[in-house]
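First comes the structure, then the notes that go with it.
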2 protein chains.
Amino acid sequence: MRARSDPAGNLANGTLHHRIRADLEGKILSGEWPPGHRVPFEYELMAGYDCSRMTVNKVLSGLAAAGLIERRRRAGSFVRRPQFQSAVLQIHDIKAEISGRDQAYEYELLSQRRRKANAGDREALAVGPQVGILALRCRHFADRRPFALEERLINLAAIPAGETIDFRTEPPGTWLLGHVPWTEAEHHISAAEADAEMAHRLEVVKGSACLVVRRRTWRAGETVTVVRLIFPGPSYHLVARFTPSQR
Amino acid sequence: MRARSDPAGNLANGTLHHRIRADLEGKILSGEWPPGHRVPFEYELMAGYDCSRMTVNKVLSGLAAAGLIERRRRAGSFVRRPQFQSAVLQIHDIKAEISGRDQAYEYELLSQRRRKANAGDREALAVGPQVGILALRCRHFADRRPFALEERLINLAAIPAGETIDFRTEPPGTWLLGHVPWTEAEHHISAAEADAEMAHRLEVVKGSACLVVRRRTWRAGETVTVVRLIFPGPSYHLVARFTPSQR
DNA sequence: CCGAGGGTTTTGTCTATACATAAGCGCCGC
DNA sequence: GCGGCGCTTATGTATAGACAAAACCCTCGG
C-alpha cells in the first residue's frame with residue numbers, strides 16, 4: 001500500500017472517501033466550481049489523492065446520486081446547476097410533534113364508520129366500488145386546546161388490518177406511520193376560511209383562516225389512505241427543513 | 001468468472017446490483033420483511049446471489065443511505081420503521097410553476113432598497129450590523145391576476161453579485177435559483193388573514209385567508225436570503241410530492 | 001455478583017484488476 | 001462535403017483479497 005497519510009496533516013478527519021467527498025462538495029458549494037464546470041476525471045483525482053479508482057468512483061457516484069454533479073460517459077462529470085426541485089423535507093407525526101414540544105397531547109375520536117366506497121370515496125382513493133373503506137374523524141389537542149381536526153379515509157383493501165385496530169386510543173396517523181410502509185405521498189397545502197362546523201370543532205370564530213393539509217399516500221401504486229388535516233389559523237405553522245438532494 | 005446468467009431468465013433486466021436492490025426493496029416495501037427484521041448478512045446475500053461482497057455491500061450501503069435499513073456492526077442490517085420525517089419534495093420556482101401551467105406569467109418589482117442591516121434584518125438573516133442587505137418587494141401575476149406577494153431580504157455579504165442584478169426584469173427567486181448554490185433551506189408554512197395592504201396588493205377582501213410561506217436559505221452555515229411569499233386564499237395550494245428517502 | 005479482557009463476527013474501507021458500454025472524434029471513401 | 005466506421009476515452013460494473021473498527025459474547029479473576 002502506498003503512503004496516504006497527509007504530510008501536512010490538515011483535514012485528516014474521517015475516512016479517505018469522506019475527505020474527498022467533502023473536498024469536492026466544498027468546491028461546488030463555494031462556487032469555485034460553477035455549474036457546468038468539468039470535475040477532474042477519475043484518473044486525475046486518483047492521482048491527486050493517491051488512491052484507487054474504486055474510491056474516487058464511489059465519491060463521484062455519491063455526488064451524482066445526490067444530484068450535485070452529472071456524469072456522462074466519455075465526456076466526464078459536470079457540476080449541475082442548483083435546483084430547488086426536490087429536497088429532503090421533514091414532517092412529523094402529530095402526536096410526536098406535540099409531545100416533542102413538551103405539550104400535553106390528547107386525542108379524541110369523533111366518529112368511525114366502515115362502509116363500501118361511495119362515489120366520493122372512490123374518487124378520493126381511486127378505488128373501485130364494493131371496496132371496504134374506513135372513514136374516521138378525530139381531533140388532536142395540545143395542552144387541552146384543539147390543535148387539529150382530522151378527516152381520514154383508509155382503504156381496507158390495501159390495509160385489511162385497519163379494521164381490527166382500536167382507533168379510540170391510538171390516532172390513525174400514528175398507527176399507520178408505524179405499521180404501513182409507503183412508496184409515495186402527495187401533499188396539498190392551502191389556506192381556507194373556517195366554516196361553522198370547523199370553527200366549532202377548533203374553537204375559533206367562523207371565517208377565520210385555517211391551514212389545510214391534504215395528504216394522499218400510496219403503496220406500490222395503490223392508494224392507502226387520504227387525510228385532511230385542518231389547523232386553526234396563524235397559531236400553527238408547518239415547518240419544513242430541507243437539504244438539497246435532488247433526484 | 002462464475003455463471004451469473006439467470007437460467008430461468010426472470011427479472012433479468014438491469015445490472016446485477018440493480019436487481020438485488022429491487023429485490024430487497026420489494027421485500028421491505030411489501031411488508032414481507034417488516035420493520036425490525038434482520039436483512040441477511042452480506043456473506044449470505046453473496047452466496048444467495050452468487051456475487052462478490054463488494055456488490056452486495058454497494059446495495060446495502062445504498063439502502064442505508066436511502067434510509068430503508070439501518071446497519072450495525074457485528075449485529076447486522078435491520079429494516080427501519082417507515083418514517084414520514086424527511087422525504088423528497090418538489091417545490092418549483094414561481095415563474096416556472098406558472099409558465100408550466102400554461103398561464104401568462106408577469107412580474108412587478110414594487111420596491112428595491114439597499115441598506116445596512118437594521119435590527120429586524122439582523123434577526124431574520126442572522127448577520128452582524130454593518131452588513132449590506134438588499135430588501136425587495138414584488139408581485140407575481142398569473143393570467144393578469146395577482147398570484148403572490150413576495151418580500152425578500154438578500155445578504156449581500158454572502159451574495160455580492162446580488163447588487164449588480166436588475167431585478168426589475170428578473171424575479172429575485174428565479175435569479176437566485178439559477179445562480180446561487182445552497183446547502184439548507186427551511187420553510188414555515190402558515191395561514192394568515194389578509195391585512196389592509198396585503199388585501200390591496202392581492203386584490204382580495206381584507207381578512208380573507210392567505211397562505212404564507214417563509215423560507216430561509218443557507219449556504220455553508222451563512223444565511224443567504226429570507227423570503228416571505230403570500231398567496232391569496234383558497235385559490236392557491238402548495239403541492240408537495242414525496243418518495244420515502246429519509247435520512 | 002460484577003467488571004475487565006480477549007476472541008469472534010459483521011460491517012467499513014480500500015486496493016488492483018478486468019471487461020463492458022457509451023459517446024465523442026477523426027479518418028476514409030465516395 | 002458528408003455519411004459511416006472504427007478507435008479512443010471515460011465511466012459503469014464486477015471480482016477477489018486484505019485489513020480496520022466496532023460491538024456483542026463469553027470467560028476468567030476478584
Side-chain angles (χ1 to χ4, degrees), chain A residues 1-7 11-25 28 33 36-80 247, chain B residues 1-7 11-25 28 33 36-80 247:
Chain A
M1 193 194 293
R2 286 187 237 105
R4 164 177 345 110
S5 61
D6 184 350
L11 249 189
N13 60 337
T15 60
L16 180 52
H17 72 263
H18 280 139
R19 267 179 295 151
I20 301 177
R21 167 109 188 207
D23 255 30
L24 302 189
E25 269 188 353
I28 295 170
W33 288 350
H37 180 271
R38 208 206 75 228
V39 176
F41 296 127
E42 291 192 352
Y43 71 84
E44 292 172 326
L45 291 171
M46 195 173 145
Y49 288 98
D50 190 25
C51 65
S52 82
R53 208 191 124 210
M54 278 300 288
T55 305
V56 298
N57 183 302
K58 182 173 191 166
V59 172
L60 293 181
S61 302
L63 288 173
L68 285 176
I69 64 171
E70 184 189 342
R71 313 198 74 194
R72 288 206 309 274
R73 280 179 147 119
R74 162 80 216 217
S77 305
F78 300 86
V79 177
R80 295 221 323 192
R247 197 168 357 171
Chain B
M1 194 194 291
R2 288 186 235 106
R4 167 177 339 112
S5 61
D6 184 351
L11 249 188
N13 60 338
T15 61
L16 180 52
H17 72 263
H18 280 137
R19 268 178 296 151
I20 301 177
R21 167 111 189 206
D23 254 29
L24 302 189
E25 268 187 355
I28 294 170
W33 289 350
H37 180 272
R38 210 206 74 228
V39 176
F41 296 128
E42 291 192 351
Y43 72 84
E44 292 173 325
L45 291 171
M46 197 173 144
Y49 288 98
D50 188 25
C51 65
S52 82
R53 208 190 124 209
M54 278 299 287
T55 305
V56 298
N57 183 303
K58 183 174 190 166
V59 172
L60 293 180
S61 303
L63 288 173
L68 285 177
I69 65 171
E70 184 190 343
R71 313 198 74 194
R72 289 205 308 275
R73 279 177 148 121
R74 163 81 216 222
S77 305
F78 299 86
V79 176
R80 296 221 321 194
R247 198 168 358 172

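Protein chains get the first letters and strands the later ones, always in sequence-line order, with residue 1 at the start of each.
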Practice task
Map B:Leu60 and A:Arg72 onto DNA chain C by nearest heavy atom, then report which one ends up closer to the 5' terminus.
Solution key: B:Leu60

Fill in the blank from the handout: B:Met46 CE to D:dT15 P, in whole Å, measures 9 Å

Problem - A:Glu70 CD to D:dA10 C1', straight-line distance once rounded to whole Å - result: 15 Å

Exercise for the section: Let me know the distance between CZ of A:Arg53 and P of D:dT13, rounded to the nearest Å. Expected result: 11 Å

Problem - Between C:dT11 (P) and B:Met54 (CE): distance, integer Å - result: 14 Å

Exercise for the section: Can you tell me the distance, in whole Å, between the CG atom of A:Asn57 and the P atom of C:dT21? Expected result: 17 Å

Exercise for the section: Would you mind reading off the distance between A:Arg71 atom CZ and D:dA10 atom P, rounded to a whole angstrom? Expected result: 12 Å

Handout entry: Pair A:Ile28-A:Glu25, side-chain contact (heavy atoms from CB on, under 4.5 Å): steps then yes or no
Key = CA-CA 5 Å; A:Ile28 295 170; A:Glu25 269 188 353; 5.8 Å; no

Exercise for the section: For A:Arg38, check side chain to side chain contact (heavy atoms under 4.5 Å, CB included) against everything at least two apart and list the hits. Expected result: A:Phe41, A:Glu44, A:Phe78

Handout entry: Pairwise side-chain contact, A:Tyr49 with A:Asp23, heavy-atom cut-off 4.5 Å (strictly under)
Key = yes

For residues 63-73 of chain A, please give each side-chain donor-acceptor pair under 3.5 Å, one per line with the distance, not counting sequence neighbours.
{"from": "A:Arg71", "atom 1": "NE", "to": "A:Ser77", "atom 2": "OG", "distance (Å)": "3.0"}
{"from": "A:Arg71", "atom 1": "NH1", "to": "A:Glu42", "atom 2": "OE2", "distance (Å)": "3.3"}
{"from": "A:Arg71", "atom 1": "NH2", "to": "A:Glu42", "atom 2": "OE2", "distance (Å)": "2.7"}

Problem - Phosphate OP1/OP2 of C:dT15 contacted by A:Thr55 side-chain N/O (<4.0 Å) - result: yes

Problem - Closest to side chain of A:Glu42, choosing from D:dA21, D:dT11, D:dG17 - result: D:dT11

Practice task
Using a 4.0 Å heavy-atom cut-off across all strands, classify A:Ser77 as base, sugar-phosphate, or nothing.
Solution key: sugar-phosphate

Exercise for the section: Using whole Å, report how far CZ of A:Arg73 lies from C1' of C:dC25. Expected result: 18 Å

Exercise for the section: Among D:dA21, C:dT13, D:dA16, find the nucleotide with the atom closest to the side chain of B:Ser52. Expected result: D:dA16

Handout entry: Atom of A:Val79, atom of A:Trp33 and distance for their closest heavy-atom approach
Key = CG1-O, 3.8 Å

Problem - N/O donor-acceptor pair, side chain B:Arg74 with base C:dT8, under 3.5 angstrom - result: yes

Problem - Euclidean distance, atom CZ of residue B:Arg38 to atom C1' of C:dT10 [Å, nearest integer] - result: 10 Å

